[in-house]
Peer 1: 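Sharing a structure with you now.
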There are 2 protein chains.
Amino acid sequence: MVTINDIARQAGVAKSTVSRYLNNGSVSSATRKKLDEIVKETGYTPNTFARSLKAAKTNMIGVIIPRLNSASTNEVLSGIDQKARENGYDLIITNSNQNMQRELGNIQTLIKQKVEGIILLAREITESHRKLINDANIPFLVLGQKAEAIHSMAYADYEAGYTIGRYAVELGHRDFLFFGVSEQDKAVGSERKNGFLDSLENVTETNVTIIETSFSKRIAYQDALTSLPKSTASYVVCATDNIAIAVLKAAVELEYSIPEKFSISGFGGYEETDYVQPTITTMSYPYKEMGIQAVENLTKLLEGTDIPYETLLPNELIVKNSTIRKKKV
Amino acid sequence: MVTINDIARQAGVAKSTVSRYLNNGSVSSATRKKLDEIVKETGYTPNTFARSLKAAKTNMIGVIIPRLNSASTNEVLSGIDQKARENGYDLIITNSNQNMQRELGNIQTLIKQKVEGIILLAREITESHRKLINDANIPFLVLGQKAEAIHSMAYADYEAGYTIGRYAVELGHRDFLFFGVSEQDKAVGSERKNGFLDSLENVTETNVTIIETSFSKRIAYQDALTSLPKSTASYVVCATDNIAIAVLKAAVELEYSIPEKFSISGFGGYEETDYVQPTITTMSYPYKEMGIQAVENLTKLLEGTDIPYETLLPNELIVKNSTIRKKKV
DNA sequence: TTGTAGGCGTTATCAT
DNA sequence: ATGATAACGCCTACAA
């Protein structure tokens with residue numbers, strides 16, 4: 001490995017001169033030229049560790065994601081990536097694989113790597129999180145869930161649920177089947193559902209059956225296969241697009257004609273909902289925008305600017321072919 | 001920031017003792033206990049940079065991916081992630097966004113970060129790559145494309161193309177429409193196509209129309225919309241599953257009944273092909289396995305063990321409902 | 001403009 | 001078992 005000393009020796013100058021040449025750059029044009037050459041020849045690059053050791057600064061942002069193979073996660077990531085690059089930060093992306101222990105471990109690792117801030121795509125914030133975050137004393141931003149006294153950004157999931165409910169009611173539907181996920185997931189499992197339920201509050205003669213299934217298409221498909229035949233619903237609300245796609249597959253399998261037999265809608269706005277038959281009505285989520293704003297917010301925190309603890313991003317109803325007006329009986 | 005010196009001072013020992021305690025651990029149980037306490041109290045963690053500066057070793061592997069939002073990429077990544085963790089490596093994942101300049105920049109960044117090896121998911125290896133790789137003098141592994149004189153792993157794309165061709169011929173098909181992508185992409189654009197074409201070599205009275213479209217579903221869909229009506233093909237070969245899904249959508253739009261009007265097949269083995277109607281026949285690719293083996297290979301290189309320059313991973317034909325025997329005319 | 005010297009936090013060597 | 005000391009590669013007063 002070639003070091004600043006080697007360069008200095010070869011150039012016949014002091015290493016501090018080389019350092020100056022490397023940084024502020026106030027050196028005579030003669031030395032500059034000489035150093036230019038030698039650096040090029042030797043292929044010298046400064047040792048990041050020695051630098052960071054001095055600077056106690058790395059220009060790196062740490063990102064923790066729950067899983068690698070999720071469409072929404074990766075949209076968020078690409079937003080983060082784009083903006084981070086614009087703002088001059090490098091990214092370290094780590095994967096917690098939906099494992100809480102690994103998530104906590106990743107936070108520690110990132111802190112040890114001396115990232116300047118951390119963006120965490122989380123489903124749940126525990127006491128252990130808070131402790132780690134507090135001790136680290138660097139800007140921390142939680143994405144996808146609200147979190148007490150921690151900077152967070154989330155989607156307006158409650159409102160999204162409410163919107164879907166109002167939309168369905170306006171189409172004349174009163175009998176619902178709701179495929180949700182565990183309430184452990186606040187945003188997806190709880191808020192979307194509660195928003196939907198609350199939208200039905202002042203509507204008479206409604207009937208809602210709630211089924212808890214999984215984020216996994218395969219499992220949701222199985223669950224749909226067993227529960228659809230028992231249902232009388234004219235509208236099936238699915239808490240994610242993946243569940244909606246799985247339910248649609250099950251419906252086709254059962255030889256139900258959709259949306260005539262019942263309407264289906266999802267949440268997410270995945271491109272995939274455009275490539276099934278029928279295309280699926282969904283609440284679109286500003287995933288990429290979330291990533292972009294996350295870095296903007298983190299940058300502000302890094303600069304000491306204050307931002308509100310909570311940022312909410314709105315969603316949009318995208319009506320497609322899987323939902324129709326309830327037929328008069 | 002609390003350092004080893006602080007600990008030493010508080011414990012009333014030399015910092016070298018603390019260092020020993022931190023590493024090999026041969027200290028008296030009395031000092032050990034005392035240090036245990038102080039470390040816990042202060043929340044001290046060793047500074048990674050100082051460590052790496054000494055060790056000239058980081059235990060990190062760099063990964064460069066072409067884009068964040070690709071299903072196959074992320075499967076590979078999750079394999080890499082899993083195995084890297086098993087082998088005790090940390091990962092730095094960077095995104096080149098399909099931009100050659102950024103890709104080269106990322107290589108440099110990773111080298112500066114002193115990663116011990118680099119895994120590059122690439123579409124093309126240029127002279128600039130080779131130069132960088134040579135200068136860096138660390139193990140380098142290219143995934144997804146063969147590369148002269150560089151360690152690489154690739155899928156058996158030519159054979160996959162050949163397999164699809166043989167399969168279609170055995171079903172009695174002779175008239176083909178092939179949706180491919182630019183030959184710039186060696187594996188997808190060139191090898192899959194050539195394998196397919198060569199499989200037809202000794203078959204009489206074949207007819208093949210080749211159309212170059214894009215990896216993007218949206219564009220492929222548009223292209224299919226205009227070219228399907230002009231085609232007489234009884235079998236449509238698509239170079240990727242995404243293209244196949246787009247073509248299927250176009251076919252449905254055009255009110256062709258699939259697979260009666262024509263068969264469709266893809267490449268990739270995406271889960272998504274199970275959730276459209278009909279499910280799509282495809283060549284499945286061992287994405288995750290690729291990631292796992294990549295880290296295994298890189299680990300060997302890191303340990304100085306030799307591996308073959310080229311590793312090929314086989315694919316498997318998965319027959320589903322989008323392909324049927326050609327009807328007698 | 002340039003060189004000298006000291007320090008960033010850690011580990012390793014060598015005495016004690 | 002413990003401590004003093006040098007070294008890793010770089011940066012930055014300060015002095016020349």
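Below, read A as the first sequence line, B as the second, and so on, with proteins coming before strands; counting in each chain starts at 1. Everything numeric here is computed off the predicted structure, so don't read it as measured data.
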Peer 1: May I have the distance from A:Leu22 (atom CG) to D:dG9 (atom P), rounded to whole angstrom?
Peer 2: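 Roughly 15 Å, once rounded to whole Å.
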Peer 1: Nucleotide by nucleotide, 5' to 3', does protein get under 4.0 Å of the base (B), only the sugar-phosphate (S), or neither (-) in nucleotides 3-9 of chain C, counting heavy atoms?
Peer 2: BB--BBB
Peer 1: May I have the list of side-chain donor-acceptor pairs in residues 6-16 of chain A shorter than 3.5 Å, sequence neighbours left out?
Peer 2:
{"from": "A:Asp6", "atom 1": "OD1", "to": "A:Arg9", "atom 2": "NH2", "distance (Å)": "3.3"}
{"from": "A:Asp6", "atom 1": "OD2", "to": "A:Thr3", "atom 2": "N", "distance (Å)": "2.8"}

Peer 1: Check whether the side chains of B:Asp157 and B:Tyr285 place a donor and an acceptor atom closer than 3.5 Å, and report yes or no.
Peer 2: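 There is such a pair between these side chains.
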Peer 1: Name the nucleic acid region contacted by B:Thr31, choosing base, sugar-phosphate or nothing; use a 4.0 angstrom heavy-atom cut-off, strictly under.
Peer 2: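 It contacts sugar-phosphate atoms only.
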Peer 1: Measure CD1/B:Ile7 against P/C:dT11 and give the value in whole Å, please.
Peer 2: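 Going from CD1 in B:Ile7 over to P in C:dT11 covers 13 Å.
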Peer 1: For A:Ser28, which contact category applies under a 4.0 Å heavy-atom criterion: base, sugar-phosphate, or nothing?
Peer 2: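 Here A:Ser28 touches the backbone only, sparing every base.
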Peer 1: Quick one: closest heavy-atom pair of B:Val27 and B:Arg32, and the distance?
Peer 2: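 For B:Val27 versus B:Arg32, the nearest heavy atoms are CG2-NH2, 3.7 Å.
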Peer 1: Could A:Lys83 and A:Glu86 be called an ion pair, given the rule that one side-chain N must be under 4.0 Å from one carboxylate O?
Peer 2: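 Judged by the 4.0 Å cut-off on N to carboxylate O distance, A:Lys83 and A:Glu86 do form a salt bridge.
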Peer 1: Not counting sequence neighbours, which residues clear ring-ring contact (aromatic ring centres under 6.0 Å, His included) with A:Phe140? List them please.
Peer 2: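 Partners of A:Phe140 by the ring-ring contact (aromatic ring centres under 6.0 Å, His included) criterion come out as none, since no residue qualifies.
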Peer 1: Let me know, please, whether A:Val18 or B:Ala30 comes out on the 5' side of the other along DNA chain D by nearest nucleotide.
Peer 2: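 Its nearest nucleotide being more 5', the pick is B:Ala30.
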Peer 1: With under 30° as parallel and over 60° as perpendicular, where do the rings of A:Tyr309 and A:His151 fit, or are they tilted in between?
Peer 2: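 A:Tyr309 and A:His151: parallel rings.
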Peer 1: How many whole angstroms separate atom NZ of A:Lys34 from atom P of C:dT2?
Peer 2: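 In whole Å, C:dT2 P and A:Lys34 NZ are 8 Å from each other.
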